[in-house]
Amino acid sequence: TIFIIIIFFKYVYTPIQEKHTLEKENLELKHSRVMALFAELDPDPVIRVDLNGTIIKTNDAALNIDKSTNVIGSKLTTLLPFIDIDLDDYIKNSKSAVYTEEINRKYYSILFRGNSYLEIGQIYFRDITEQKITEKKLISSQRQLKSLSNHLQNILEEERNRIARELHDGIGQNLSLTRLNINNLIT
């Protein structure tokens, strides 16, 4: 019976286990390729950094962030100095941080996400320029509306005062004239 168990493990169980492991590795590789392709095709910039903060990979959109420097191989803090986190900690503990910044006259919502399994950090940019422009226009419109409302209140108050003066002066003159007429009639 031990001989049968050894043969079973050698010719049945072990090949099935090896096949399963190979299929699992192939599936993980395929998944990684799909995810990498997804990042490559993203119209918004995506940057990958190692534990030291060195940029190791970008998609094409990320190359347009700062055309003056060779992005790959440079430090993340050179390209994005406002990111003030402990990269090693954020990557090893799979932490995230979010920033909103203006870069080359474009506004971005920037998500830094650490990945402890791969020991990398991914920086995802989302262009929110139109949203920011609309927000600024809205704030400007609100200020104009408030200014217009204050101006209208001032005009209304001035008109109330003018009408009050006219009523006061007009009635006062009419009463004085009536009193004089009554005095003339009595005398």
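Counting from 1, the numbers follow the sequence of the chain as shown. What you see below is based on every heavy atom in this structure, not just the backbone, and it leaves out hydrogens, waters and symmetry mates. Computed from a predicted structure; not experimentally measured.
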Does any non-hydrogen side-chain atom of [Y] lie less than 4.5 Å from one of [X]?
{"X": "Leu111", "Y": "Ser96", "answer": "yes"}
{"X": "Ile83", "Y": "Thr77", "answer": "no"}
{"X": "Thr58", "Y": "Leu63", "answer": "yes"}

[X] versus [Y], closest heavy-atom pair with distance:
{"X": "Leu87", "Y": "Leu51", "result": "CB-O, 4.2 Å"}
{"X": "Val49", "Y": "Ile91", "result": "O-CD1, 4.3 Å"}
{"X": "Glu101", "Y": "Ile110", "result": "CB-CD1, 4.2 Å"}
{"X": "Lys95", "Y": "Asp89", "result": "NZ-OD2, 2.7 Å"}
{"X": "Ala62", "Y": "Val46", "result": "CB-O, 3.6 Å"}
{"X": "Asp44", "Y": "Ala61", "result": "C-CB, 3.7 Å"}

About how many Å separate [atom2] of [Y] and [atom1] of [X], when rounded to the nearest 0.5 Å?
{"X": "Arg179", "Y": "Leu177", "atom1": "CZ", "atom2": "CG", "result": "11.5 Å"}
{"X": "His20", "Y": "Glu25", "atom1": "NE2", "atom2": "CD", "result": "10.0 Å"}
{"X": "Arg48", "Y": "Leu118", "atom1": "CZ", "atom2": "CG", "result": "7.5 Å"}
{"X": "Arg126", "Y": "Thr100", "atom1": "CZ", "atom2": "OG1", "result": "8.5 Å"}
{"X": "Ile139", "Y": "Gln142", "atom1": "CD1", "atom2": "CD", "result": "6.5 Å"}
{"X": "Arg143", "Y": "Lys146", "atom1": "CZ", "atom2": "NZ", "result": "10.0 Å"}

Hphob cluster co-occupancy, [X] + [Y], side-chain heavy atoms under 4.5 angstrom:
{"X": "Ile120", "Y": "Leu76", "value": "no"}
{"X": "Ile4", "Y": "Ile16", "value": "no"}
{"X": "Ile123", "Y": "Ile103", "value": "yes"}
{"X": "Val12", "Y": "Ile2", "value": "no"}
{"X": "Phe8", "Y": "Ile5", "value": "yes"}

Report task. Would you mind listing every ring pair (Phe, Tyr, Trp, His ring centres under 6.0 Å) that reaches into residues 72-93, with sequence neighbours excluded? Result ->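 As it turns out, the ring pair (Phe, Tyr, Trp, His ring centres under 6.0 Å) pairs with a partner in residues 72-93, which skip direct neighbours, are Phe82-Tyr99.
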Report task. Just grab all the ring pair (Phe, Tyr, Trp, His ring centres under 6.0 Å) pairs involving residues 125-154, residues at least two apart or on different chains. Result ->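 Ring pair (Phe, Tyr, Trp, His ring centres under 6.0 Å) check on residues 125-154 returns Tyr108-Phe125.
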Suppose we screen for side-chain hydrogen bond (donor to acceptor under 3.5 Å, both in side chains). Which residues come up paired with [X], at least two apart in sequence or across chains?
{"X": "Gln153", "result": "none"}
{"X": "Asn52", "result": "none"}
{"X": "Ser94", "result": "Ser116"}
{"X": "Thr134", "result": "none"}

Query raised in the report: side-chain contact (heavy atoms from CB on, under 4.5 Å) between Ile55 and Leu79: does it pass, once the steps are laid out?
Result: CA-CA 9 Å; Ile55 298 172; Leu79 183 64; 3.9 Å; yes
Contacts of [X] that satisfy side-chain contact (heavy atoms from CB on, under 4.5 Å) - sequence neighbours left out:
{"X": "Leu180", "answer": "none"}
{"X": "Asn26", "answer": "Leu22"}
{"X": "Gln144", "answer": "Ser140"}

Expected output: side-chain [X] to main-chain [Y] donor-acceptor under 3.5 Å:
{"X": "Thr178", "Y": "Asn174", "answer": "yes"}
{"X": "Ser141", "Y": "Lys137", "answer": "yes"}
{"X": "Asn115", "Y": "Glu119", "answer": "no"}
{"X": "Thr21", "Y": "Gln17", "answer": "yes"}

Requested in this report: Evaluate the criterion side-chain contact (heavy atoms from CB on, under 4.5 Å) for residue pair Thr54 and Ser74; output intermediate values, then yes/no.
Outcome: CA-CA 6 Å; Thr54 304; Ser74 65; over 6 Å; no
Query raised in the report: What residues, two or more places apart in sequence or in another chain, satisfy ring-ring contact (aromatic ring centres under 6.0 Å, His included) together with Tyr11?
Result: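 Residues passing ring-ring contact (aromatic ring centres under 6.0 Å, His included) with Tyr11: none at all.
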Requested in this report: For Tyr13, check ring-ring contact (aromatic ring centres under 6.0 Å, His included) against everything at least two apart and list the hits.
Outcome: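 Tyr13 satisfies ring-ring contact (aromatic ring centres under 6.0 Å, His included) with Phe9 only.
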**Report entry** Residues Glu166, Arg162; criterion salt bridge (charged side-chain N to carboxylate O under 4.0 Å, His left out); working and verdict
**Finding:** CA-CA 6 Å; Glu166 282 183 16; Arg162 186 189 64 77; 2.4 Å; yes
Query raised in the report: In the hydrophobic clustering that connects Ile, Leu, Val, Met, Phe, Trp and Tyr at side-chain heavy-atom distances below 4.5 Å, which members other than Ile128 occupy its cluster, ordered by chain and number?
Result: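 Members alongside Ile128: Tyr107.
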**Report entry** Enclosure of Lys92 NZ (heavy-atom neighbours >12, cutoff 6.0 Å)
**Finding:**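 No, NZ of Lys92 has 12 or fewer neighbouring heavy atoms, counting only those of other groups under 6.0 Å.
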**Report entry** Salt-bridge criterion met for Lys106 and Glu102 (N-O under 4.0 Å)
**Finding:**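 Not counted as a salt bridge, because no side-chain N and carboxylate O are separated by less than 4.0 Å.
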